[in-house]
Amino acid sequence: MPEALYSATSTAWGGREGRAASTDGRVDVSLSMPAGLGGDDGPGTNPEQLFATGYAACFHSALKGAARQQKVDISDSAVSVTISLLGSRESGLDLAARIEAQIGGVDAETAQRLLEQAHQMCPYSRATRGNISQEVLLVGGDPD
């Protein structure tokens with residue numbers, strides 16, 4: 001295995017109804033079970049929200065990297081990721097990812113090319129490719 005450029009470690013206590021924290025203290029969150037999974041929909045976050053947040057940040061960084069390589073200004077851009085649980089507890093649960101990118105000020109063909117390149121570059125996309133359903137979409141509207 002190659003030497004790691006960066007590593008992060010987090011620990012969870014209590015599963016979906018507990019707490020999780022990173023060893024450096026930068027992340028320390030309460031966890032609650034969503035009502036859709038039979039929980040009380042408490043005030044804490046959940047693994048799917050944390051995964052979606054990390055994936056969105058990572059993918060947007062990859063998109064910015066692709067734009068830099070192609071000398072395209074995408075300062076007016078945003079990426080949203082939706083992580084869904086599919087299946088059932090009886091048959092097993094699977095993840096699905098829907099990646100939506102808004103890229104203002106760039107023609108659709110260029111934006112689509114950047115999106116495809118980012119999907120090849122993003123470590124989250126690479127890690128999950130072939131393992132979970134992935135949908136990557138260019139969407140309209142101004143990023144907020």
Side-chain angles (χ1 to χ4, degrees), residues 1-37 39-88 92-144:
M1 178 181 231
E3 187 174 332
L5 300 174
Y6 172 76
S7 295
T9 302
S10 288
T11 302
W13 301 268
R16 287 182 171 272
E17 298 174 295
R19 181 177 150 255
S22 61
T23 55
D24 64 6
R26 293 180 183 191
V27 175
D28 192 338
V29 295
S30 295
L31 301 169
S32 297
M33 179 85 74
L37 295 177
D40 65 359
D41 215 19
T45 189
N46 61 65
E48 292 72 36
Q49 289 173 328
L50 294 169
F51 186 34
T53 300
Y55 202 157
C58 187
F59 196 95
H60 198 215
S61 289
L63 183 62
K64 288 170 60 177
R68 250 188 330 275
Q69 286 179 359
Q70 296 187 31
K71 298 181 180 14
V72 176
D73 178 11
I74 63 161
S75 56
D76 186 23
S77 64
V79 172
S80 298
V81 173
T82 301
I83 297 296
S84 300
L85 281 173
L86 310 172
S88 69
L93 296 171
D94 292 307
L95 294 172
R98 179 183 175 101
I99 303 157
E100 296 180 343
Q102 296 172 280
I103 306 173
V106 176
D107 66 88
E109 184 179 322
T110 300
Q112 188 63 45
R113 187 175 66 245
L114 291 171
L115 198 55
E116 290 167 8
Q117 185 178 353
H119 192 45
Q120 295 304 311
M121 294 169 57
C122 174
Y124 276 63
S125 291
R126 292 168 55 90
T128 58
R129 186 172 292 115
N131 297 311
I132 69 171
S133 171
Q134 297 174 321
E135 186 176 19
V136 182
L137 301 167
L138 180 63
V139 295
D142 291 326
D144 292 326

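Owing to the predicted nature of the structure, the values given are computational and were not obtained by experimental measurement.
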Which heavy-atom pair separates [X] from [Y] by the least distance, and what is that distance?
X    : Y    : answer
L93  : G87  : CD2-C, 3.9 Å
P123 : C58  : CD-SG, 3.3 Å
S125 : I99  : OG-CD1, 4.3 Å
I83  : L95  : CG2-CD2, 3.7 Å
L138 : L115 : N-CD2, 3.6 Å
D40  : S32  : OD1-CB, 4.5 Å

Practice task
Report the residue from Y124, Y55, F51 that forms a side chain to side chain contact (heavy atoms under 4.5 Å, CB included) with V81.
Solution key: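 The side chain to side chain contact (heavy atoms under 4.5 Å, CB included) with V81 is passed solely by Y55 among Y124, Y55, F51.
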
Within the distance-only criterion (no hydrogens, no angle test), does the side chain of [X] pair as donor or acceptor with the backbone N or O of [Y] below 3.5 angstrom?
X    : Y    : value
S30  : G44  : no
S22  : R26  : yes
Q49  : N46  : yes
Q102 : G140 : yes

Problem - Beyond-backbone contact of T53 with T45, side-chain heavy atoms, under 4.5 angstrom - result: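 T53 does not reach T45 side chain to side chain.
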
Exercise for the section: Determine the interplanar angle of the H119 and F59 rings, folded into 0 to 90°, and report it as parallel if under 30°, tilted if 30 to 60°, perpendicular if over 60°. Expected result: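 Rings of H119 and F59: tilted, as their planes differ by 30° to 60°.
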
Handout entry: Any residue meeting salt bridge (charged side-chain N to carboxylate O under 4.0 Å, His left out) with E109, in chain and number order, not counting sequence neighbours
Key =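 If we apply the salt bridge (charged side-chain N to carboxylate O under 4.0 Å, His left out) test to E109, skipping adjacent residues, there are no hits.
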
